[in-house]
Number of protein chains: 2
Amino acid sequence: MSIHPLTVIPAPYRPIPNSLLRNGVGKARLISLSAALPLVERDVLEPLSRRVSLAHGETLYGQDEPACSVFNVTSGALRLYRILPDGRRQVTGFAFPGDFLGLSLLDRFAVSADALGSATACRFERLAFKDLICGHPGLMMHLHEITGQELSRAKDMMMLLGRRTAEEKIGAFLVGLQERYVRIGLSAVTLELPMGRLDIADHLGLTIETVSRTLSRLDRDGCLLIVPGGVRLLDQARLARMSAH
Amino acid sequence: MSIHPLTVIPAPYRPIPNSLLRNGVGKARLISLSAALPLVERDVLEPLSRRVSLAHGETLYGQDEPACSVFNVTSGALRLYRILPDGRRQVTGFAFPGDFLGLSLLDRFAVSADALGSATACRFERLAFKDLICGHPGLMMHLHEITGQELSRAKDMMMLLGRRTAEEKIGAFLVGLQERYVRIGLSAVTLELPMGRLDIADHLGLTIETVSRTLSRLDRDGCLLIVPGGVRLLDQARLARMSAH
DNA sequence: GACGGACTTTGCGCTGGATCAAGGACCCCA
DNA sequence: TGGGGTCCTTGATCCAGCGCAAAGTCCGTC
């Protein structure tokens with residue numbers, strides 16, 4: 001049902017787990033930091049960093065843990081979330097190569113972070129990082145701006161969670177993900193979804209069944225195509241309309 | 001129904017609009033900046049500021065407008081929100097004395113801000129503000145930390161919007177407001193609610209009817225007392241439990 | 001190549017909160 | 001003291017999305 005027999009699907013549509021999110025480990029750090037920062041700032045930060053590797057499902061840090069590090073994701077994808085005592089979970093976002101984690105430099109992490117598939121990151125010791133940027137106002141300002149953009153996206157998210165329907169949530173999620181992928185140089189048509197349906201549900205304030213049903217319906221309507229490991233966006237215009245601000 | 005005849009209510013419970021939120025205009029700026037910042041940082045910022053006064057409902061700035069100013073609220077309360085083309089609204093938060101607005105220093109405002117009742121703020125010209133803090137790394141770091149706290153609260157809000165029931169939303173809203181009031185030296189028991197039911201609804205992702213019904217039920221259950229212009233929290237323990245993280 | 005486990009899809013009945021509709025309280029101003 | 005506007009409350013009904021249950025799919029492993 002999800003792949004129509006007459007549909008031409010350009011390779012790769014086979015589930016190569018996280019394939020598009022792994023760009024070769026050697027270059028990853030370079031790619032990542034250059035995407036987010038000017039050369040000169042990268043040169044300042046680079047010497048402080050140490051590599052961290054995570055296997056599928058491994059935790060990078062836990063909510064409320066003392067935040068002694070700042071991270072920059074270099075490959076793979078991470079899930080950021082909070083959990084209530086009774087098990088209800090809110091996935092506040094996903095992190096991809098180039099994203100900073102813990103950049104607000106608070107004493108404790110605001111969320112937990114774990115890996116979807118395998119992932120790597122640069123770790124910076126927080127106090128050293130703080131001292132360093134204190135000596136580089138331009139860099140600090142740049143990092144502040146990145147935090148400001150995250151805050152702005154958080155407000156988009158509030159609107160999404162508080163005032164939009166299931167279909168709009170799914171649409172906005174997919175279009176937003178596509179935009180982020182394009183910005184880091186990944187496919188714009190076939191979206192890899194390294195997170196599961198349950199992660200998407202807990203991100204959008206829905207249940208896994210509603211996510212599944214809504215995706216199925218969009219597939220049936222020819223709006224998108226569910227492929228193993230992800231989704232192909234077909235009717236971009238309609239998706240854009242349903243996720244429009 | 002909302003005020004039980006046998007309940008002793010300490011004055012003031014009469015609706016003095018925004019009474020507790022107006023602390024005398026002359027001292028307001030001092031109070032505000034001293035609350036948020038150390039003395040030395042206040043002395044740096046103070047000379048750049050100009051007073052702005054807003055009447056009830058007046059707009060301080062609009063979403064997507066070029067952000068040429070940073071503000072620090074000195075009296076009253078503001079509503080921060082986004083609106084979708086079809087009229088659906090998400091109130092992303094409320095601002096009280098001491099709060100900064102536009103601190104992420106992006107080119108455009110992420111939300112609209114208007115006054116609930118009358119309000120005043122300090123206005124800083126954005127570029128001058130930026131230049132100034134570039135020369136004061138400690139101050140910039142402090143402001144960055146404030147932004148980080150706002151981001152953390154935004155994530156609380158996502159959890160609230162995505163995963164909690166109407167009653168939990170109301171409970172968490174009231175307890176959170178109380179905590180903020182305490183921090184700026186206002187009453188801890190009788191909460192003034194300068195925003196209307198519709199503002200609360202649009203903040204919590206509910207309808208005005210659900211907000212009204214839920215408050216009525218909590219009143220009936222002896223959990224709180226609806227008084228003109230606000231609410232008195234009676235069963236703090238139960239409220240804390242229902243809003244617990 | 002078939003067994004087991006994790007994830008996804010689908011059907012069905014249910015419910016929390018939305019929607020529609022009607023009053024009620026309060027306030028400003030005449 | 002009364003009339004009109006705004007906001008709030010309450011009741012009745014509806015429905016989008018939830019919760020449960022049962023297949024179905026995919027994948028790794030032995």
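A, B, ... follow the sequence lines: proteins, then strands. Residue 1 opens every chain.
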Asks: Atom CG of B/Leu198 and atom P of D/dT6: how far apart are they, to the nearest Å?
Replies: 14 Å
Asks: On a plain distance test, is the side chain of B/Arg213 in donor-acceptor contact with the base of C/dG16 below 3.5 Å?
Replies: no
Asks: For B/His56 and for B/Ser216, locate the closest nucleotide of DNA chain D by heavy-atom distance; then report the residue assigned to the nucleotide nearer the 5' terminus.
Replies: B/His56
Asks: Quick one: do A/Arg197 and A/Glu209 satisfy salt bridge (Lys or Arg N to Asp or Glu O under 4.0 Å)? Show the steps, please.
Replies: CA-CA 9 Å; A/Arg197 298 290 187 263; A/Glu209 294 95 331; over 6 Å; no
Asks: Relative to the 5' end of DNA chain D, which residue comes earlier, A/Arg217 or B/Thr210, by the nucleotide with the nearest heavy atom?
Replies: B/Thr210
Asks: Over how many whole Å does the gap from B/Leu218 atom CG to D/dT9 atom C1' extend?
Replies: 15 Å
Asks: Could you check how far CD1 of B/Ile208 sits from P of D/dT9, rounded to whole Å?
Replies: 8 Å
Asks: In whole Å, what is the span from the NZ atom of B/Lys169 to the P atom of C/dG16?
Replies: 14 Å
Asks: Rounded off to whole Å, could you give me the CZ-to-P distance for the A/Arg88 and D/dC18 pair?
Replies: 13 Å
Asks: Pick base, sugar-phosphate or nothing for A/Leu215, based on heavy-atom distances below 4.0 Å to the nucleic acid.
Replies: nothing
Asks: Hey, does B/Gly205 reach any base, or is it just sugar-phosphate, or nothing, if we go heavy atoms under 4.0 Å?
Replies: sugar-phosphate
Asks: Considering every strand and a 4.0 Å limit on heavy-atom distances, what is the contact class for B/Thr207: base, sugar-phosphate, or nothing?
Replies: base
Asks: Go through D/dT9, D/dC18, C/dT9 for me and flag the one nearest to the A/Arg197 side chain.
Replies: C/dT9
Asks: Under 4.0 Å, counting only non-hydrogen atoms across every strand here, what does B/Ser212 touch: a base, just sugar-phosphate, or nothing?
Replies: base
Asks: Thinking salt bridges, do A/Arg108 and A/Asp64 make one under a 4.0 Å N-O criterion?
Replies: no
Asks: Are A/Tyr81 and A/His203, when compared by the centres of their aromatic rings, separated by less than 6.0 Å?
Replies: no
Asks: Output the single nucleotide from C/dG17, D/dG17, D/dG19 whose closest atom is nearest the side chain of A/Ala166.
Replies: D/dG17
Asks: Can you classify the ring geometry of A/Phe71 versus A/Tyr61 as parallel (below 30°), tilted (30 to 60°) or perpendicular (above 60°)?
Replies: parallel
Asks: Please determine, for the side chain of B/Glu209, which listed nucleotide (D/dA21, C/dG17, C/dC20) has the closest atom?
Replies: C/dC20
Asks: Mind calculating the distance between CG (B/Asp219) and C1' (D/dT9) to the nearest angstrom?
Replies: 12 Å
Asks: Would you call B/Asp99-B/Arg180 a salt bridge at under 4.0 Å N-O?
Replies: yes
Asks: Whole Å only: how far is the CD1 atom of B/Ile200 from the P atom of D/dC7?
Replies: 13 Å
Asks: Can you check the B/Asp199 CG to D/dC8 P distance for me, whole Å?
Replies: 8 Å
